[in-house]
Amino acid sequence: MSDLIYMDNAATTRVAPEVLNAMLPYFCEQYGNPSSAYAFSGKIAENVAEARRTIAGFIGAKEREIYFTAGGSESDNWAIKGVADALREKGNHIITTAIEHHAVLHTCEFLEKHGFEVTYLPVDSRGFVDPKALEGAIKPSTVLISVMTANNEIGTIEPIAQIGKTAHEHGILFHTDAVQAFGHIPIDVDKMNIDMLSASAHKLNGPKGVGLLYVRTGTRISNLIHGGAQEYGRRAGTVNAAGIIGFAEAVRLAASEMDKVSAYEASLRDRLIRKVTEEIPYTIVNGDLKERLSNNASFCFRFIEGESLLLLLDKSGICASSGSACTSGSLDPSHVLLAIGLPHETAHGSLRLTLSKENTEEEVDRVAETLRQIVERLRSMSPLYADFCSASSVGDKGKGAI
Amino acid sequence: MSQVTEYSDKVMDHFSNPRNVGEIENASGVGTVGNAKCGDIMRMYLDIDDDRIVRDAKFKTFGCGAAIATSSMATELVKGKSIEDAMTVTNKAVMEALDGLPPVKVHCSLLAEQAIHAALWDYAQKENIVIDGLKPPVNDIEETEEYYQMPGE
């Protein structure tokens with residue numbers, strides 16, 4: 001497997017060796033329950049507190065405002081259901097967007113079944129929410145606005161500081177799902193007017209199974225798990241010391257090298273986008289080219305289907321992802337690609353490649369060349385491509401003709 | 001869920017090395033089924049001789065791994081069969097020949113059966129004959145999209 005090329009870092013990342021080393025003592029040596037009374041556990045509780053301070057400082061929050069969870073989906077569920085429940089008397093309207101992660105969308109759909117009204121804001125062709133449209137959607141009954149910091153499929157970074165400002169001008173709480181952005185772009189909860197923020201450790205070389213919800217002091221939110229005093233009594237359950245300490249180490253690493261890493265990833269990303277669009281005709285780059293996560297390259301290749309593409313990439317040792325319907329078991333392709341206005345048949349041919357600092361230019365070049373061959377092969381089998389070629393008489397390599 | 005672990009070795013074989021990809025010029029019968037919106041389109045070409053035996057079969061498919069594998073298997077199964085026997089190549093037969101499909105992919109085998117039927121129907125229409133049990137194909141192919149503006153082009 002030495003030839004494996006991993007370009008699915010938005011799905012998950014490799015745990016950094018520094019993170020693993022920081023975690024290891026908490027399995028067989030410092031295994032005490034941090035909530036226990038004796039000194040053996042007290043030391044662990046102190047280390048967990050230090051981890052909490054590290055992570056809080058990273059986003060300009062207070063230690064007391066960081067609640068550890070089991071991951072991003074849990075944090076999203078808690079933020080939305082917790083506020084909906086706590087503010088039920090105040091109103092029943094929530095504003096979110098059409099391109100949120102399903103952890104947000106399905107939670108909102110759940111609330112709709114329980115008497116809440118949800119506005120799903122559309123986005124433009126690059127995936128941006130229009131802050132003016134958002135303001136127009138606000139009602140007296142609006143209690144929460146939830147807009148993701150950066151999109152997981154197409155990498156578009158939303159104008160969340162402005163959205164948060166709008167929310168606050170109307171006295172509405174603002175939650176952002178920052179799972180893809182946290183540790184990859186600078187985030188300051190005060191400057192960006194954020195009341196609640198979801199993040200997950202495994203997206204930034206931390207361990208799986210640990211995440212956080214930042215909750216600004218004074219925010220009314222119902223407790224998530226009852227049964228213990230952990231997480232200030234809001235989220236019961238034995239503290240995941242190893243996971244939290246690993247998360248903090250991942251944050252320390254991300255903070256120390258964010259500029260360098262994102263510049264490097266962006267250079268790889270731009271090389272990949274350039275090579276792929278130059279070499280493969282009828283290719284669409286999804287998302288915005290500037291306000292974009294440094295590691296995200298998202299494409300649609302017309303006339304072919306995404307699962308076939310992924311399977312052939314896999315046979316070449318390349319790990320990637322697709323918003324194709326066939327990879328999700330549903331008939332509809334990615335809601336994000338449909339929301340940016342792509343036709344169904346184009347959205348079916350999507351591919352997401354997400355880079356890390358461990359990828360190299362050689363890998364980028366190999367992926368671009370392998371993709372070229374695979375797309376050509378699948379198009380040679382595609383009746384849609386045959387029809388397109390005979391109808392347009394453009395021929396096989398009609399670049400720029402459409 | 002990982003497709004790679006869900007597909008049988010036979011499905012992966014027919015997907016990775018599909019048999020009979022292509023077109024037949026002046027085919028005896030051509031049938032296209034499926035819907036680009038849902039992500040699967042199969043087009044099947046049959047070459048049928050004067051004894052009404054399927055001499056050759058080819059296909060072009062837009063779709064997932066299972067769609068390509070079922071198309072490939074369907075062409076293999078109809079080759080050499082009389083038009084009546086070709087009717088026995090059902091979705092079940094295609095699935096069995098592929099050692100099964102994941103539940104969410106069963107519709108691909110139905111599409112393969114429909115593609116055979118659509119091509120046979122086209123042939124029967126041209127020859128002005130009736131094939132027992134053959135119904136007119138349901139053509140639900142959506143209009144393909146209008147030209148899409150490429151970024152930077």
Side-chain angles (χ1 to χ4, degrees), chain A residues 125-126 273-274 277-278 281-289 299-300 302-312 314-315 322 324-333 341-349 377-388 390-392 394 399-402, chain B residues 1-7 11-13 15-23 30-45 58-69 71-72 102-108 115 141-153:
Chain A
S125 61
R126 293 171 297 166
I273 290 177
R274 194 184 70 241
T277 49
E278 278 175 9
Y282 315 123
T283 298
I284 296 147
V285 181
N286 304 313
D288 189 63
L289 291 175
F299 304 101
C300 282
R302 293 184 64 199
F303 318 116
I304 65 168
E305 196 279 329
E307 189 206 275
S308 307
L309 187 58
L310 287 191
L311 290 171
L312 291 176
D314 183 42
K315 285 187 89 71
S322 171
S324 147
C326 288
T327 61
S328 65
S330 79
L331 279 181
D332 278 332
L342 293 180
H344 272 74
E345 43 272 56
T346 303
H348 279 297
R377 176 174 165 187
L378 289 172
R379 280 182 180 161
S380 75
M381 295 171 61
S382 167
L384 290 178
Y385 188 57
D387 290 351
F388 174 78
S390 57
S392 63
V394 169
K399 274 207 285 187
I402 56 169
Chain B
M1 157 187 0
S2 168
Q3 273 72 29
V4 178
T5 52
E6 287 271 308
Y7 284 148
V11 171
M12 283 309 289
D13 175 34
F15 165 69
S16 309
N17 310 292
R19 281 60 148 181
N20 312 310
V21 176
E23 301 175 11
V30 184
T32 307
V33 295
N35 181 324
K37 219 176 151 183
C38 294
D40 299 295
I41 292 183
M42 285 183 198
R43 181 170 296 161
M44 190 165 295
Y45 300 83
K58 290 203 181 299
F59 79 92
K60 282 208 166 181
T61 289
F62 161 84
C64 62
I68 289 169
S71 312
S72 166
V104 294
K105 302 292 187 181
V106 171
H107 71 276
C108 293
I141 293 184
E142 300 275 304
E143 289 292 310
T144 43
E145 61 183 285
E146 288 304 302
Y147 289 158
Y148 198 90
Q149 192 61 46
M150 302 286 146
E153 292 188 357

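What you see below is based on every heavy atom in this structure, not just the backbone, and it leaves out hydrogens, waters and symmetry mates. Proteins get letters first, then strands, A, B, ... in listed order; numbering begins at 1 in each. Here the structure is a predicted model, which is why all the values come from computation and not from measurement.
Here the rule is side-chain contact (heavy atoms from CB on, under 4.5 Å) with A/Pro333, and of A/His348, A/Glu305, A/Glu345 only A/His348 fits it.
Rounding to the nearest 0.5 angstrom, the gap separating the CG atom in A/Leu312 from the CG atom in A/Leu378 is 5.5 Å. In this structure, the separation between CG on A/Asp387 and CD1 on B/Ile41 is 8.0 Å, given to the nearest 0.5 Å.
Both the backbone and the side chain of B/Ser16 come within contact range of chain A, judged by heavy atoms closer than 4.5 Å. Only the side chain of A/Arg377 has a heavy atom closer than 4.5 Å to any heavy atom of chain B. Contact of B/Pro103 with chain A is not made at all, since no heavy-atom distance falls under 4.5 Å. Interface remark: A/Ile304 contributes backbone atoms only to the contact with chain B (heavy atom separation under 4.5 Å). No part of B/Ala67 comes within reach of chain A, as not one of its non-hydrogen atoms sits under 4.5 angstrom from that chain.
Ring geometry for A/Phe303 versus A/Tyr385: interplanar angle of 30 to 60°, hence tilted.
Options A/Ser382, A/Pro383, A/Ala386 differ in how many heavy-atom pairs under 4.5 Å they form with chain B, and the most are formed by A/Pro383.
A/Met381 approaches B/Pro18 most closely through the heavy-atom pair CE-CG, 3.8 Å.
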